[in-house]
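Written out below as structure tokens is the structure these notes cover.
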Amino acid sequence: MGAMARYNAKESEKHWQAEWDARALFATPSHSDKPKCYVLEMFPYPSGRIHMGHVRNYTMGDVIARFRRAQGYNVLHPMGWDAFGLPAENAARDKGVSPRDWTYENIAAMRGQLKMMGLSLDWSREFATCDVEYYHQQQKLFLDFYKAGFVYRSEADVNWDPVDMTVLANEQVIDGRGWRSGAIVERRKLSQWFFKITGFADELLQGLDTLDRWPEKVRVMQKNWIGKSEGLRFQFTLSNQTALDVFTTRPDTLFGASFVALSPEHPLAQELAKTDKKLAAFIEECRHIGTAEADIEKAEKKGYDTGLTAAHPFDTNWKLPVMVANFVLMGYGTGAIFGCPAHDQRDLDFARKYKLSVTPVVVPSDADPKTFEIGKEAYAGPGRLANSRFLDGMTVEQAKADVASRLEKDGIGERTVNFRLRDWLVSRQRPWGCPIPMIHCEKCGVVPVPKDQLPVKLPEVINFNVKGNPLDADTAWKITTCPTCKGHAVRDTDTLDTFADSSWYFTRFTNPDFDEPVDKQAADYWLPVDQYIGGIEHAILHLLYARYFTRAMSKLGLVKVAEPFAGLFTQGMVCHETYKDAEGAWVSPEEIEKRDGKVFLRSSGQEATVGASEKMSKSKKNTIAPETIIAEYGADTIRWFMLSDTPPERDIEWTDAGAEGCWRFVNRIYRLCTEAGDLPAPGTPVSADDEASKALRQASHKAIAAVTDHLEHLRFNSAVAQLYTLANAIGGAEKAGPAARREALEAIVLLSAPMMPHLAEACWQALGHSKLVAETAWPKYDAALTQSNSVTIPIQVNGKRRGEISMAKDADSKTVEAAALANDGVIRALEGKAPKKVIVVPNRIVNIVA
RNA sequence: GCCCCGGUGGUGGAAUGGUAGACGCGGCGGACUCAAAAUCCGUUGCCGAGAGGCGUGGGGGUUCAAGUCCCUCCCGGGGCACCA
């Protein structure tokens with residue numbers, strides 16, 4: 001045994017990364033007899049540096065990729081860059097650099113940082129969405145979608161900055177003002193491109209049921225977002241002889257109606273406001289309550305009586321007042337409703353305020369219809385109809401169907417399905433995105449760019465010293481000829497929402513060099529992604545858009561699958577303590593030091609206050625730079641930290657003490673392997689001859705079984721705990737034979753390899769192997785060795801633990817019962833009483849009922 | 001308001017209805033050292049000298065047995081929101 005050698009992570013990691021590269025171990029072959037496994041993490045925006053969130057995300061993905069590779073799968077594990085978007089434009093404007101150069105420089109820097117993490121990525125497939133070749137293929141897809149009728153053009157509101165003469169993204173509008181100019185933002189109508197995602201609303205909803213390896217939470221969020229509701233659309237005839245369309249999901253409550261309400265934005269309300277100043281003022285008031293004040297006014301239901309009445313469809317003598325109400329949304333249904341206060345809380349609040357009638361028409365089964373009354377709470381549950389003429393006695397479902405059928409027969413109603421989901425507006429008036437391959441001709445109108453004239457490339461130089469969209473101002477780029485009539489025409493100067501870029505990149509990874517968007521053979525082999533990993537913040541939009549794209553592509557015959565991600569995992573955030581100085585300004589972790597459980601500023605020695613642990617963010621100055629940690633301890637330590645202790649779906653807190661603990665463990669494994677003493681040659685068969693060897697062998701095989709199972713289920717923290725347990729067993733097994741010790745050491749190296757791949761290679765070499773761990777199969781366990789042949793069985797008396805006995809495994813119940821009753825603690829607890837009943841659960845527990 | 005998750009030692013967290021607190025961090029005691037670091041050994045839910053008692057947010061229930069299942073309430077986090 002030599003002096004304790006410390007593991008030189010820096011040198012070792014560089015060395016093994018070079019070895020993996022030299023053997024191209026992670027380049028995925030296009031043909032293989034092995035089963036496939038596609039592991040993917042959400043690709044990053046190239047901001048310039050990786051952060052702890054990336055480290056956590058990519059570590060988890062890498063563990064799965066390496067684990068599956070060792071298990072004999074053909075693994076695809078690619079990486080790329082979500083490279084279009086606003087930050088590059090901002091950098092270009094602020095620093096005068098080209099967005100292209102800025103982006104590619106950031107990519108180079110981040111690629112270097114990711115490589116330092118030792119991720120088993122197939123870098124040969126790397127691309128950025130701003131690569132001409134990628135957006136070229138995306139333009140072809142856009143044209144395919146257009147041809148198939150998945151794309152249409154329509155007017156839509158945009159945020160317009162009248163000073164900068166530009167369209168703003170929602171996040172660029174702060175308190176109603178442009179973030180850069182400070183000008184009050186106006187709403188403007190522009191002709192915009194839409195993807196008709198609503199055409200797939202039902203499919204996208206039903207598809208959720210097939211995604212059994214998605215978090216329930218995400219499926220619920222998507223379901224709510226799509227927001228399907230089935231109901232009835234029908235007409236009221238108003239006192240001014242016009243017809244008013246309303247939508248309801250509760251046609252059964254029609255006899256409980258006490259008013260009809262319009263959205264303030266409803267055309268009829270607008271029309272009436274022209275001659276009714278008070279109504280105009282009310283509508284104006286509603287408009288103001290819009291966003292910020294909504295919280296203050298906190299949902300007080302308000303209305304205005306238009307003086308019109310609506311005739312009840314089943315009794316034309318029955319007149320309902322027509323109100324304009326602030327809680328009716330124009331964007332949902334028809335923008336008009338009938339109110340049934342007894343069975344809808346909003347309607348009830350409204351009715352009480354304006355003293356409208358409240359008639360219960362659905363009575364719960366445990367209530368008496370004669371006396372059932374509505375107080376402050378509307379009743380929305382099941383029951384039988386009452387006060388409803390021909391509907392009386394029916395269930396809610398029966399009454400819904402009956403009303404719908406009658407109104408359909410009368411020709412004034414129709415059953416409809418309503419979705420909350422809207423079509424996807426994809427036009428962006430921005431220069432750093434995928435140009436929309438369309439041409440506007442004075443004579444021919446909107447004409448697609450013929451595929452053989454693609455790509456529509458972004459200009460080499462984008463001039464930001466203009467008002468508005470640089471592409472629009474670039475006449476040389478914009479002016480073109482019409483592909484149809486050869487006449488004067490201009491290009492569409494909008495680019496696609498960057499969510500489009502990330503909606504099919506995983507498909508492109510299956511063959512990124514193909515000269516069409518999709519190599520069907522490759523895509524059909526690799527898709528769906530078996531395990532997708534990313535942040536919960538993408539639970540709705542990115543994942544829904546990607547699902548939509550895949551379905552649309554599937555309809556076009558480009559891919560076989562309808563659902564792109566068979567398995568989804570959403571990891572938690574990385575948090576850190578926050579610090580503030582005496583003035584209340586945020587202070588970064590590097591600026592403080594801890595002494596005697598207190599925190600002081602390094603610069604002044606002043607005491608600082610410690611705040612809650614929060615998501616690492618620049619604004620709260622509580623970030624830790626991954627490269628600093630890697631430089632200090634190496635990539636394996638930071639990877640191990642990210643996997644330890646905290647379940648992967650929860651938020652993890654970065655602590656220095658925890659990082660040091662991880663580094664100590666790295667060294668402990670290294671020492672166990674390098675100071676193992678004499679071991680038999682690799683491959684020597686093991687037999688358990690003595691107790692100590694047998695115990696160690698059992699520990700090894702239990703660990704193999706447990707770690708394998710935990711990794712299968714992404715329980716990284718539990719896998720980590722098992723490895724600590726095995727390390728403890730090896731450390732305490734001086735008496736075990738050399739063969740059993742070799743077996744245990746090899747197990748711990750192979751099992752920890754997906755998490756700490758560089759350390760594993762160094763240890764594997766120290767154990768005398770010439771092949772790399774990255775080329776070595778996952779260890780197998782001997783089931784006989786995962787169980788001991790004697791078991792400790794606790795004995796309870798009346799459910800309280802009073803003793804324990806050691807028994808042979810699978811000993812028969814009578815023997816166990818006799819031993820239990822003979823136990824001292826049990827005898828004491830029984831106090832001479834005879835047991836009434838003895839429950840023996842084999843190998844687990846005995847409970848004596850006295 | 002509705003829909004999801006959560007609530008376990010000082011702390012992060014384990015636990016197919018069957019020994020609550022595995023494993024890590026931290027603490028305490030010790031060994032080695034001139035000393036420190038590193039390392040190693042022991043110990044560590046609470047009360048109690050001990051026997052023992054009490055303990056998984058509160059209350060109730062099912063069961064031989066409940067952190068786990070059921071009811072109810074409280075607290076924290078997330079999502080959606082006047083969606084008719």
Side-chain angles (χ1 to χ4, degrees), chain A residues 3-4 6 215-225 227-229 231-233 246-251 253 261 263 289 294 298-302 325-329 331-340 343-347 349-350 377-378 380 418-420 536-537 539-540 597 613 640-641 644-647 649-653 655-662 664-665 667-668 671 706 715 717-728 731-732 792-804 828 835-850:
Chain A
M4 274 189 299
R6 286 205 115 190
E216 179 64 19
K217 182 168 55 166
V218 176
R219 287 188 292 172
V220 168
M221 281 193 238
Q222 292 218 347
K223 186 171 176 244
N224 291 340
W225 188 260
K228 180 179 182 174
S229 57
L232 182 73
R233 185 189 274 248
V246 301
F247 174 74
T248 181
T249 55
R250 294 296 302 272
T253 63
S263 163
I289 289 173
K298 204 61 190 170
E300 198 200 340
K301 310 286 178 281
K302 283 188 181 172
N326 63 353
F327 63 94
V328 180
L329 302 178
Y332 188 80
T334 63
I337 61 157
F338 76 82
C340 176
H343 306 290
D344 183 290
Q345 193 60 46
R346 290 159 303 167
D347 295 350
D349 295 345
F350 189 79
E377 279 181 40
N418 229 310
F419 291 96
R420 184 186 172 278
I536 187 72
E537 65 273 21
I540 298 175
S613 179
W640 187 250
F641 184 102
S644 302
D645 296 346
T646 304
E649 68 278 8
R650 286 197 214 166
D651 291 351
I652 192 171
E653 186 179 356
T655 62
D656 293 342
E660 275 160 34
C662 291
R664 281 202 297 273
F665 187 65
N667 280 287
R668 192 162 149 215
R671 278 196 311 275
R715 293 186 300 247
N717 58 317
S718 297
V720 164
Q722 286 296 327
L723 290 169
Y724 275 110
T725 306
L726 179 56
N728 291 343
T792 302
I793 299 177
I795 318 294
Q796 296 178 335
V797 177
N798 293 331
K800 294 198 179 225
R801 187 176 176 281
R802 297 296 177 184
E804 60 179 37
R828 221 178 312 138
K836 291 195 190 109
K837 194 173 168 191
V838 180
I839 294 134
V840 178
V841 183
N843 300 322
R844 296 227 83 129
I845 203 165
V846 177
N847 192 9
I848 298 164
V849 187

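Within every chain, numbering begins at 1; the chains are lettered A, B, ... in the order of the sequence lines, protein sequences first and strands thereafter.
- B:A31 is paired with B:U39 under the Watson-Crick or G-U wobble criterion, all donor-acceptor distances under 3.5 Å.
- Across all strands shown, the partner of B:G1 is B:C80, judged by Watson-Crick or G-U wobble contacts whose two distances both fall under 3.5 Å.
- In this structure, the nucleotide among B:C80, B:G13, B:A84 sitting nearest to the side chain of A:Pro647 is B:G13.
- Remark: P of B:C83 and CG of A:Asp344 are 7 Å apart, rounded to the nearest angstrom.
- The closest side-chain heavy-atom distance from A:Phe350 to A:Val328 is not below 4.5 Å.
- Distances shorter than 4.0 Å separate none of the side-chain N or O atoms of A:Arg250 from OP1 or OP2 on B:C83.
- As a whole-Å value, the separation of A:Asn418 CG from B:C82 C1' is 16 Å.
- Rounded to whole Å, the C1' atom of B:U63 lies 27 Å from the corresponding atom of B:G52.
- Among the heavy atoms of the strands, none lies under 4.0 Å from A:Val846.
- Note on ring orientation: taking the six-membered ring where Trp is involved, the planes of A:Trp640 and A:Phe665 are parallel (angle under 30°, cut-offs 30° and 60°).
- Out of B:G13, B:C64, B:A84, the shortest distance to the side chain of A:Phe247 is found at B:A84.
- Atom C1' of B:G18 sits at a distance of 48 Å from the matching atom of B:C83, rounded to the whole Å.
- Here B:A22 sits opposite no nucleotide as a Watson-Crick or G-U wobble pair (both hydrogen-bonding atom distances under 3.5 Å).
- The shortest heavy-atom contact between A:Leu232 and A:Pro251 is CD2-CB, 3.8 Å.
- For B:G9, there is no paired nucleotide, since no Watson-Crick or G-U wobble pair has both relevant distances below 3.5 Å.
- The side chain of A:Ala721 sits closest to B:C23 out of B:C80, B:C23, B:A84.
- When heavy atoms are screened at a 4.0 angstrom cut-off, A:Asn717 is found touching the sugar-phosphate backbone but no base atom.
- Residue contacts for A:Thr725: at a heavy-atom cut-off of 4.0 Å it reaches the sugar-phosphate backbone alone, with no base atom in range.
- Residue contacts for A:Val841: at a heavy-atom cut-off of 4.0 Å it reaches a base atom on one of the strands shown.
- The separation between A:Phe641 atom CZ and B:C23 atom C1' is 15 Å, rounded to whole Å.
- Annotation: B:G57 and B:C75 have their C1' atoms spaced 7 Å apart (nearest Å).
- Residue A:Asp645 contributes atom CG, which lies 12 Å from atom C1' of B:A22 at whole-angstrom precision.
- Neither side chain, A:Asn717 nor A:Arg650, offers a donor N or O lying under 3.5 Å from an acceptor on the other.
- Listed nucleotides: B:G79, B:G13, B:C3. Nearest to the side chain of A:Val220: B:C3.
- Using a 4.0 Å heavy-atom cutoff across all strands shown, A:Lys228 reaches no nucleic acid atom at all.
- A pairwise comparison of heavy atoms in A:Phe338 and A:Arg250 identifies CZ-O, 3.7 Å as the closest pair.
- Taking side-chain N and O atoms only, A:Arg664 has a distance below 4.0 Å to OP1 or OP2 of B:C25.
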**A:Val846/A:Ile839 under side-chain contact (heavy atoms from CB on, under 4.5 Å): CA gap, chis, key distance, verdict** = CA-CA 6 Å; A:Val846 177; A:Ile839 294 134; over 6 Å; no
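- Whole-Å rounding puts the A:Arg6 CZ to B:A38 P distance at 8 Å.
- A close approach under 4.0 Å does not occur between any side-chain nitrogen or oxygen of A:Arg715 and OP1 or OP2 of B:C23.
- Across B:A66 and B:G27, the matching P atoms stand 37 Å from one another, rounded to whole Å.
- Contact annotation: A:Asn728 side-chain N/O to B:G24 OP1/OP2 distance is under 4.0 Å.
- In terms of position along RNA chain B, the nucleotide closest to A:Glu649 lies nearer the 5' end than the nucleotide closest to the other residue of the pair A:Tyr332 and A:Glu649.
- As rounded to the nearest Å, B:A20 and B:G55 have C1' atoms that lie 9 Å from one another.
- Of all the heavy atoms in A:Ser644 and A:Val720, the pair that sits closest is OG-CG1, 3.6 Å.
- Formation of a donor-acceptor pair under 3.5 Å by the A:Glu804 side chain with backbone atoms of A:Ile793 is not found in this model.
- Remark: A:Lys800 is not in phosphate contact with B:A66, judged by side-chain N or O atoms under 4.0 Å from OP1 or OP2.
- Inter-residue side-chain proximity for A:Phe247 and A:Ile337 is flagged as unmet; no heavy-atom pair is nearer than 4.5 Å.
- If you take OH of A:Tyr724 and C1' of B:C23, they are 8 Å apart, rounded to a whole angstrom.
- In this entry the distance linking CG of A:Leu723 with P of B:A14 reads 16 Å, nearest Å.
- The A:Arg668 side chain lies nearest to B:C40 when the options are B:C40, B:G53, B:A20.
- With a cut-off of 3.5 Å on both Watson-Crick or G-U wobble distances, the partner of B:U62 is given as none.
- A donor N or O paired with an acceptor N or O is not found under 3.5 Å between the base of B:C80 and the side-chain atoms of A:Asn224.
- Here the separation of B:G67 from B:C2, taken at their C1' atoms, is 28 Å to the nearest Å.
- Comparing the P positions of B:U8 and B:A22 gives a spacing of 16 Å, expressed to the nearest Å.
- Taking the O4'-C1'-N9-C4 or O4'-C1'-N1-C2 dihedral as appropriate, B:G21 has a value more than 90° from 0 and is therefore anti.
- Nucleotide B:C46: paired with B:G53 (Watson-Crick or G-U wobble, both distances less than 3.5 Å).
- B:C3 and B:U72 are spaced 12 Å apart, taking the P atom of each and rounding to whole Å.
- Residue contacts shown for A:Arg219 are absent, as no nucleic acid heavy atom lies under 4.0 Å away.
- Under 4.0 angstrom from either OP1 or OP2 of B:G52 there lies at least one side-chain N or O belonging to A:Arg828.
- Taking atom CD of A:Gln796 as the reference point, atom P of B:C64 lies 13 Å away to the nearest angstrom.
- Checking the phosphate oxygens (OP1, OP2) of B:U19, no side-chain nitrogen or oxygen of A:Arg844 falls inside 4.0 Å.
- Taking the nucleotide of RNA chain B with the nearest heavy atom to each of A:Gly335 and A:Lys217, the more 5' of the two is matched to A:Lys217.
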